[in-house]
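Source: prediction; values computed, not measured. Below, read A as the first sequence line, B as the second, and so on, with proteins coming before strands; counting in each chain starts at 1.
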Amino acid sequence: MVNFREIEKKWQRKWEESKVFKVDEENKTKFYNLEMFPYPSSSGLHMGHVRNYAIGDSYARFKRMNGFNVLYPMGYDAFGLPAENAAIKNKTHPKEYTEKAISGIMDHQKEIGLSYDWSRLVNTSSKEYYKWNQWFFLKFLENGLAYRKKAPINWCPKCQTVLANEQVINGKCWRCESKVGIKDLEQWFLKITKYADELLESIETLEGWPERIKLMQKNWIGKSLGTLVNFKMMDSDYEIPVFTTRPDTLHGVTFLVYAPEHTKVMELVKNTKYEKDVQEFINKVVLEEKFTRTAEGKEKEGMFIGKYALNPLTGDAVPIYIANFVLLDYGTGAIMAVPAHDQRDFEFARKYDIPIKVVIKPKDKELKAEEMKNAFVEEGILVNSGKFDGMDNKTAIQEISKFVEKKGWGKITTQYKLRDWLISRQRYWGTPIPVVYCDKCGVVPVDEKELPILLPEDVKFTGEGNPLLSNEGFLKAKCGKCGGKARRETDTMDTFFDSSWYFLRYCSPDYEKGPFDREKVSYWMPVDQYIGGAEHAVLHLLYARFFTKVLRDLKMLDFDEPFINLFNQGTVTKEGNKMSKSYGNVVSQDEIAEKYGIDTARVFLLSIANPGSDYDWSDEGIEGSFRFINKIYSLLDNLDGEENKIIDSRLNRVIKSVTEHVESLELNLAIIELMGFVNYLSKAEGAKKEAVKNLALMLNPFAPHLAEEIWEKLGNKGFASVADWPKYSSNKINYELEYSENLIEIASNDIKRLLKLVKIEPKKVTLFVAEKWKYDFMKKAKDAISTTRDVKDVMRKVMDKEHAAEISKIIPKLIKDNSKIPNVILDQDREYDIFVNAKNQLQKEFGLNFEIKKDDSKAFPGKPTLLIE
RNA sequence: GUGGAGGUAGCAAAGCCUGGUCAAAUGCGCAGGACUUAAGAUCCUGUCGGUUAGUCCGUUCGCAGGUUCAAAUCCUGUCCUCCACACCA
């Protein structure tokens, strides 16, 4: 039994000592292979982590061996709430907690044998890193891309902080899953909406991204073309703007609806008998936080506010409502409601007895409002729409919006769902936002020279409010403009700010003159292969794209997109749940590595399923990988033998296939191919040294320690990890030869058997007697198969329409096993002579009595028709 | 509701794009055998049904149709599962 633990340690030490994986800019094709950096948690690594890292590492190793200059770095997304919460809970400092967690993860990562260039380690909570966060923030501010605004924002009561829209999932906090409420606060925003169009447009250029992620981003940005229509109030000149994508239904508007918390609402009802009720409704819906942004099972509720507006097209007075189904932050915060042709409006109208006016009817029948059970939302023909009657609604969308624009009642516009990125967080463990508040000058950005604004360590964690408020020295600041007293901003940055550019920092991690060395960045960037979970589809991935575009416009970068190829790895679950401490279903790295060795764990996790799909852990399967690893070791015991072309053919075939599979990240298939090869080698006879040498190289991405050990045992110098990936030569691949090997045994058994029976010298004779067409076909097929093994080619050469069905059935079989092609084929038409001749000849040759039977079985070529008596 | 992915042998998982060498890789599980006093480990063989010495035949790739000489693979319909987004006007 091999001592895996010892071998692993040995090679990990050697790699570290010789710094094999350290890279510099060189005159070689670069390859930037990157995994999304982890959040340092203290709970240790489990099989899910091991799998993720193994995927990235395999690919890095593969690319490195293929001659690329591979940048494969690791770092830690070290700021963030969990560290702070853990600090409160365990009475440690977040800094201490984080440092401990990082060193724990690093140890584990090193145990996996990951080929990172550790000299490029990045830690976002270090002042050398977050200094540049602050610097970027100032640049954003200078360029009008960061601003402060009071707005109703998402508030997580448990995390005690605000959240960006992207961080609210189904109305719940992305991190702690608490229900998110709404608060009115003044906050810092980044103007990601300025890039909405480009972020959307250039999704098309991301060819190496999964469709699903691209789609999620598209939906998130949510561009829709429509028309802004102004509805004049009946009793004043105020115009209510509404956005619609269905201007064709304008004639059917029977009411308008405001989002309840819209500031205009209170203005409108001021000093009317509705004021009190409206205020109550708003309180109920908004302030008591019953208003969550999810549609799930929510009853539509609203009320009339006593005002009317005029439909610009018809001049009709339409009542104005407020209702909980209208979103404040999409469009204008008010909608025109067309109950006949919008399901939500329909439900609301039915509930509150508002008239329903049909303006589009199906092509082939009439539509009556009273009989409708649902809104009619399909395409149709306009009715009750004045001069637009009879027009199909698709045309009407164009025509009516043009008409509205011409009349000055509105204009054609584009709307986005994407909101500006809210980056303030009312928490301690993050990058301080570099501004101060001066009584005289207001908001004043800190001077660049003062950076970094250090995050003070001396703060109190009470679990309530922002700990930064407890450090007086931090709060006190001087105004950069007037020199007067000022108060420092205590909000810190969303950690997604940190992760929006870390991949740039890896290119020059120690650079001090700026966030990154432009020259080095232009050598390494963009990232060639990015690997990470799909949960970041609209979070990190969108923010990082946004940053890249901003930095490009600030002339700091010269490319448009940070990640060329994106790969989403699947998760490892156990009993259907993601592995996590809280489920208590963690299978730890330590446990498995101890039992089987880390190479086994890597091989198992990579072979069990496509890296992109989820895998539900079972303790049983890993035994198979363990056996596989052991089998490879035992190959070393028996390497000598005669030259064997078949082994050579098989080897070249395997190299070809493994290379292709790894290239396209089908790591499971690559390993399976290697398993087959190892099984084969363990049984094959002949010289195997060359094969095993190449096997070691091909194993390196998956089981690197084992690969190095074998490589060394075979007497090779240097590391397998940096040796050249094996090349195959097509002309050495010989399927026929390989197949023939399988037949040798069968055939020799046959002959032996025959000889035993008849006691004659070996001479294999198979006869086939056929009809005319079969005879012709067989002759042709025999020729064709000798030149190609491609079914289609053979088919083309021998096709005979009349007997196509039979031929199509026979060909694949003939190709599979061409030794079954009879060596004597007799044409039935010349039956008599040949039979007689053949019989005589064979009798003479074998000295036996035997009979030639006609082939009357359906199977062709069927059983040899040589019968011995 | 909208969008996406998928349903393959006891289980997991390839194959589907580019139809034929597919009763369908590989691993687990299971069965038999070798080794062993025995168990475990290891190795070998088998693992849809029937049949042979090699083999061949029949029935299979969610279900129902279609295209084709030929369908797990292409097309249509249908059922089911999973995931993402979700009152975006």
Side-chain angles (χ1 to χ4, degrees), chain A residues 1 169-171 210-213 215-216 218-220 222-224 226 242-246 249 257 293-296 298 300 323-327 329-332 334-338 341-345 347-348 415-418 534-535 537-538 604 607-610 612-616 618-625 627-628 630-631 634 661 666 668-669 671-676 679 682-683 735 739 743 745-747 749-750 752-754 785 789-792 794-795 799-818 820 857-859 862-864:
Chain A
M1 192 65 126
I169 294 157
N170 286 332
E211 279 311 312
R212 162 174 100 92
I213 301 291
L215 208 84
M216 281 166 79
K218 275 186 206 166
N219 291 342
W220 188 259
K223 181 179 182 173
S224 50
V242 300
F243 175 76
T244 180
T245 53
R246 293 293 306 275
T249 62
V257 193
R293 309 204 162 195
T294 160
E296 224 173 340
K298 194 146 125 191
K300 288 180 177 45
N324 63 353
F325 71 96
V326 177
L327 301 173
D329 55 9
Y330 183 75
T332 63
I335 61 154
M336 59 177 230
V338 186
H341 307 293
D342 181 287
Q343 188 58 27
R344 294 156 298 176
D345 300 348
E347 284 167 27
F348 192 80
Q415 281 292 330
Y416 297 92
K417 272 162 68 176
L418 184 69
E535 66 273 18
V538 290
F604 177 63
S607 69
I608 197 65
N610 180 298
S613 37
D614 293 347
Y615 169 69
D616 199 61
S618 115
D619 289 328
E620 284 173 333
I622 194 165
E623 300 276 353
S625 299
R627 279 195 273 270
F628 170 61
N630 279 298
K631 209 169 198 177
S634 61
H661 284 314
E666 295 161 340
N668 54 329
L669 301 183
I671 292 175
I672 282 164
E673 190 72 43
L674 289 174
M675 283 179 172
N679 281 340
S682 71
K683 283 172 216 165
Y735 289 94
Y739 199 84
L743 297 175
E745 208 187 316
I746 297 168
N749 279 345
D750 280 357
K752 276 181 211 154
R753 217 186 152 75
L754 206 68
I785 290 167
R789 292 183 62 82
D790 185 272
V791 176
K792 270 188 217 155
V794 176
M795 210 68 108
M799 190 43 93
D800 160 8
K801 276 203 180 130
E802 216 179 308
H803 303 97
E806 285 141 299
I807 289 176
S808 67
K809 217 172 162 188
I810 298 162
I811 290 286
K813 286 181 184 167
L814 283 182
I815 289 170
K816 186 178 171 187
D817 184 0
N818 64 4
K820 272 188 235 150
S857 69
K858 271 180 283 168
K863 295 180 183 180

Nearest-Å distance for atom pair CG/C1', residues A:Asp614 and B:A84: 13 Å
Roughly how far apart, to the nearest Å, are B:U37 and B:G49 at atom C1'? 41 Å
Please identify each residue that fulfils side chain to side chain contact (heavy atoms under 4.5 Å, CB included) with A:Ile608, with sequence neighbours left out. A:Phe604, A:Tyr615
Can you measure A:Leu669 atom CG to B:A25 atom C1' for me and round it to whole angstrom units? 9 Å
Distance check, C1' atoms only: B:C74 and B:C17, in whole angstrom units. 11 Å
From CZ of A:Phe628 across to C1' of B:A25 the rounded distance in Å is 14 Å
Describe the nucleic acid contact of A:Asn610 in one word from base, sugar-phosphate, nothing, applying a heavy-atom distance below 4.0 Å. sugar-phosphate
Listed partners of A:Lys631 passing salt bridge (charged side-chain N to carboxylate O under 4.0 Å, His left out), at least two apart: none
Run the side chain to side chain contact (heavy atoms under 4.5 Å, CB included) test against A:Glu623 and tell me which residues pass, sequence neighbours left out. A:Tyr596, A:Arg627
Run the side chain to side chain contact (heavy atoms under 4.5 Å, CB included) test against A:Asn668 and tell me which residues pass, sequence neighbours left out. A:Asn610, A:Pro611, A:Glu666
Of the nucleotides B:C87, B:C44, B:A89, which has the atom closest to the A:Ser682 side chain? B:C44
Tell me: CG of A:Leu327 to C1' of B:A86, nearest whole Å? 11 Å
Once the angle between the rings of A:Tyr330 and A:Phe243 is folded into 0 to 90°, is it parallel (under 30°), tilted (30 to 60°) or perpendicular (over 60°)? perpendicular
Considering only the C1' atoms, how many Å lie between B:U8 and B:C16, rounded to the nearest integer? 11 Å
Detail all sub-3.5 Å separations between protein N/O atoms and N/O atoms belonging to nucleotides 27-32 of chain B.
residue	atom	partner	partner atom	Å
B:G27	OP1	A:Asn679	ND2	3.1
B:C28	OP1	A:Arg627	NE	3.1
B:C28	OP1	A:Arg627	NH2	2.8

Residues passing the salt bridge (charged side-chain N to carboxylate O under 4.0 Å, His left out) test with A:Glu620, sequence neighbours excluded, are none
Reported OG1-to-CD distance for the pair A:Thr245 and A:Gln415, which is rounded to 0.5 angstrom: 10.5 Å
List for me each residue that meets side chain to side chain contact (heavy atoms under 4.5 Å, CB included) alongside A:Ile672, sequence neighbours excluded, and say none if there are none. none
Between B:C44 and B:C11, how far apart are the two C1' atoms, rounded to whole Å? 24 Å
With sequence neighbours left out, what residues match A:Asp342 under side chain to side chain donor-acceptor pair (under 3.5 Å)? A:Arg344
Calculate the interatomic distance between A:Tyr330 atom OH and B:C87 atom P; express it in whole Å. 12 Å
Under 3.5 Å, which N/O atoms of the protein pair with N/O atoms of nucleotides 1-5 of chain B?
none

Cation over ring face, A:Lys300 and A:Phe325, 6.0 Å, 45°: yes
Euclidean distance for P, B:G58 against B:A24 (whole angstrom): 15 Å
In whole angstrom, give me the gap between the C1' atoms of B:G6 and B:G15. 15 Å
Between B:A89 atom C1' and A:Asp345 atom CG, what is the distance in whole Å? 7 Å
Between the base of B:C87 and the side chain of A:Lys300, is one N or O donor paired with an acceptor at under 3.5 angstrom? yes
Taken to the nearest whole Å, CD1/A:Ile672 to C1'/B:A24 is 14 Å
Find which nucleotide of RNA chain B each of A:Arg246 and A:Lys683 is nearest to by heavy atoms, and output the residue with the more 5' nucleotide. A:Lys683
Side-chain contact check for A:Trp220: nearest option of B:U26, B:A86, B:A13 is B:A86
When rounded to the nearest Å, what value does the distance between C1' atoms of B:U26 and B:A34 take? 25 Å
Using the C1' atom in both, what is the distance from B:G62 to B:G46, to the nearest Å? 29 Å
